[in-house]
Amino acid sequence: MERYDFASVEAKWQKYWEDHDSFKAETGSPKKKFYALVEFPYPSGFGMHVGHIKAYSGLEVVSRKRRLEGYNVLFPIGFDAYGLPTENTAIKTGVHPRKVTDNNIVKFTSQLKKVGFSFDWSRVVDTTDENYYKWTQWIFLKMFENGLVFRDKTMVNYCPSCKVVLSNEDSQGGKCDVCHSDIVQKTKEVWYLRITEYADKLLTGLDNVDYLPNIKLQQENWIGKSTGAFVNFSIKENDEKLRIYTTRPDTLYGVTFMVIAPEHPIIEKYRDSIGNIDALDAYKAECAKKSEFERTQLVKEKTGVKIEGLTGINPITGKEIPIYISDYVMMGYGTGAIMAVPAHDTRDYDFAKKFGIDIIEVIKGGDISKEAYTGDGEMVNSDVLNGITNKKDAIEKVLTVLEEKGCGEKGVQYKMKDWAFNRQRYWGEPIPIVHCPECGMVPVPYEELPLRLPPVDNFEPGSDGESPLAKIESFVNCTCPKCGGKARRETDTMPQWAGSSWYFLRYCDPANDSALASKEALEYWMPVDWYNGGMEHVTRHMIYSRFWHKFLYDIGEVNTDEPYAKRTAQGLILGPDGEKMSKSKGNVVDPNDVVAAFGADVLRVYVLFMGDYEQAAPWSEDSMKGCKRFLDRIWQLQDKLVDGDEFRPELIGEMHRTIRKVTQDIEAMKFNTAIAAMMTLLNKLYDAGSVNKAEYAALLTILNPFAPHITEEIYFNLFGKVLSEQEWVGYDEALCVDSTIEIAVQINGKVKAKINIPSDAEADAAIAAAKENADVKNAIEGKNIVKEIYVKGRIVNIVAK
RNA sequence: GCGGAUAUGGUGGAAUUGGCAGACACGAUAGACUUAGGAUCUAUUGCGUGAGCGUGCAGGUUCAAGUCCUGUUAUCCGCACCA
């Protein structure tokens, strides 16, 4: 057999699949449906990354297996193409983002096709296509209509030199990532989506989906539901109430001070009666230099300033307590004010130690002279709560008292914040709202969608951090859809997350121009049966898209309340140096180079063989050679072909076990061990010196999802049929077990011998057989047998003294 | 600081979930075939000359521990000091 020419074989089968629409999903087919979803790529100018290949190869294998099992499979791909890098390229090169995006999509498409992924190419979506973003805007308007959109002021990181608002990531250390000038914190009015309204639904929805446990946990922590109490503290000097939130109302008797966020409005309200307002202003200014990111990130000593002229009063004890401002309290969570219980909270403890504030123990069990005690115990120094030993009872009791006094009540808080939903950028979906001096915010009428991005040549941001759109008079100036008067268009665009929040719905019916997708298509395909992607998207993207989906469910647009039935995640591919691949480190591997040098099948097999699919693993070209050898040996096996329509007796067990292992491992995403099992089988066939047609056909079939090109070619050579149009191979559980097996015999837990016994041997027979063994006899000679253990098919252990 | 993970030969990683640690690969060594080999094939390959010892470290439970428990260290990822 001549050497395998991967380049021509791969091109040949890729053309065959394309010509025959081999992977086209058919809406409405009577076959059982299977919807496999992978995270669509952002088409960056650098092209694809081997990480993309690993990310898609998992469900690629599952999808190909499902088709062989007779399913109607939807395995789509598309492009999440709005985003900053494209806009920056446009600013740098003067090429329009539309053009940049189109070029990149062409590049990505060609790369993906060269790997032989079985995507349904007739359903490609592009979030920047006006037929797509029309519906993104439509969903936004529906949310607006339903009260889920609002505007509010917030602090943003602003680079005065670049004139842009920056993410925390791009402003670390208080310096702009691009120009390194100092970042300032600036108040800005921004758009929000009221995702917090769905917090509880997003949380309880997790009960009915099959996500990996750590994925569920991360989402739960992100939503961060806590139950506690709101308590109103009076202010001695005036009739103000300072409202706090606490998860530990049971420690109310241990409160020795209060802390409010530096931005808390009470300071402005009473600035005239505060004695040290200059010191407070100075501290506040200091805090304003830091982003919220830094305030929370840095491990540092507590800082703060006591407020002179405002004194709190504990509503339950009547005791007067000092109030401080400190940056460890955030305006964005709870009420921006806390009651501090240094004896039982580590942060409060650190603060109290630094400022010499009293520490009162109210729960026994720790040593509060050394550290805060956060565990459970008997309540002390707490009047009516004294003697209670159970946190839950104490909380219930104190809540009753608070409610009687009318100064507090039970409350629920979520860590999750509302979603800041706008960017001052060009390359995004225009927000379809008009600002009318008479009517206020007016939605663009549905029939006017899509609200198109106007053509622009200059993508530099407008003055003062405005979107480039603000400079386009013809776009900004418009008439109010409601009153017909002069009005101005909103010039901000949506964040990149918008388009990816519903793309899985569009795949069901990508060309529909009267709805985001037809009811029939949605009913047929949804929910997504299996969604795989990166760990970095399990909070933000997944929560955002679940939110949109739940909203669409509530207004009757979709038929399932959860979009994804199952979610898994793959691990990163690290560079050969074990570091995360990045352009700056120069350790990025281009899949095109690999395909050219080794072939697509080798690349596909290697990214799945390199380690546990869910773990990160470093790239190694040496290791990849092993996969190349494996496939070459699969090819060369054609020289060893003999006749035979059934597995030969000496190979039956091996064949059935391998088929079972591959069948099961694919479902569990244990691709590495599935491939190892096929390698083992191949070695056994070479040991046997030959392979018959039945054995070869079975091996090619189970290998097909991993290495489709080479298996199609060999199968077609041997049988004149197209393998991807055949059926998956079954296995017989009973034939997986050989009649005799080798087991280990331990004496006192140490392996002393190996014996062969019938696989169905009972304990007595197995132990008797073990005792026949010379080494075992030797080892127990003259000793008392204390215990004999036989674990079926595994081990004999004899305990002897 | 909080949350989540991880730790096994020279390397990537297996281990039926408490039952023979190191499957399968890579690399290395020796040999074969070759004008040649970064091709292919064959053999060996956890450490130790040995009894033995070995899954980050220290204990514990068990007939039996990589796996369970207690403590501890290091590394990675995420984060919003979340009251």
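Note on naming: letters A, B, ... go to the chains in the order of the sequence lines (proteins, then strands), and numbering restarts at 1 for each one.
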Can you sort out the partners of D665(A) under salt bridge (charged side-chain N to carboxylate O under 4.0 Å, His left out), two or more places apart, ordered by chain and number?
->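 Only K661(A) meet the salt bridge (charged side-chain N to carboxylate O under 4.0 Å, His left out) criterion with D665(A).
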
What nitrogen or oxygen pairs link the protein and nucleotides 2-9 of chain B at under 3.5 Å?
{"residue": "G3(B)", "atom": "O2'", "partner": "N221(A)", "partner atom": "ND2", "Å": "2.9"}

Quick one: do [X] and [Y] make a salt bridge, cutoff under 4.0 Å?
X       : Y       : answer
K284(A) : E263(A) : no
R657(A) : D738(A) : yes
D345(A) : R248(A) : no
K225(A) : E220(A) : no
K353(A) : D350(A) : no

Which part of the nucleic acid does M258(A) contact within heavy-atom distance under 4.0 Å: base, sugar-phosphate only, or nothing?
->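 Nothing: the residue M258(A), judged by heavy atoms under 4.0 Å, touches no strand.
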
How would RNA chain B look in dot-bracket form, 5' to 3', counting Watson-Crick and G-U wobble pairs with both distances under 3.5 Å and writing | for bases paired to another strand?
-> (((((((..(((......[....)))((((((.......))))))((....))..(((((..]....))))))))))))....

How far does the P atom of U8(B) sit from the matching atom of A14(B), given to the nearest Å?
->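 11 Å, rounded to whole Å.
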
Gap in Å between the two P atoms, one belonging to U67(B) and one to A15(B), rounded =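 It comes out at 15 Å once rounded to the nearest Å.
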
Assigned glycosidic conformation for G12(B) [threshold 90° from 0] =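 Anti for G12(B); the angle lies over 90° from 0.
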
Contact under 4.0 Å: S226(A) side-chain N or O vs A83(B) OP1/OP2 |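 Answer is yes, contact under 4.0 Å.
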
Under the side chain to side chain contact (heavy atoms under 4.5 Å, CB included) test, residues paired with D5(A) that sit two or more places apart =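 Partners of D5(A) by the side chain to side chain contact (heavy atoms under 4.5 Å, CB included) criterion, ordered by chain and then number, come out as A7(A), S8(A).
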
Give every pair of a protein N or O atom and an N or O atom of nucleotides 47-53 of chain B that lie under 3.5 Å apart, one pair per line with the distance.
none

Nearest-nucleotide 5' precedence on RNA chain B, D348(A) against T539(A) |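 Final value for this comparison: T539(A).
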
Minimum-distance nucleotide to R3(A) side chain [options: A39(B), C82(B), G13(B)] |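 Looking only at heavy atoms from C-beta outward on R3(A), the closest nucleotide is A39(B).
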
Taking the six-membered ring of Y686(A), is the NZ or CZ of R633(A) close enough (under 6.0 Å from the centre) and on axis enough (within 45°)?
->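 Verdict for Y686(A): a cation-pi partner in R633(A).
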
Can you give me the N/O atom pairs linking the protein to nucleotides 20-26 of chain B at distances under 3.5 Å, or say none if there are none?
{"residue": "C20(B)", "atom": "O2", "partner": "K754(A)", "partner atom": "NZ", "Å": "2.4"}
{"residue": "C20(B)", "atom": "N4", "partner": "E742(A)", "partner atom": "O", "Å": "3.3"}
{"residue": "A25(B)", "atom": "OP1", "partner": "N683(A)", "partner atom": "ND2", "Å": "2.7"}
{"residue": "C26(B)", "atom": "OP1", "partner": "R629(A)", "partner atom": "NH1", "Å": "2.5"}

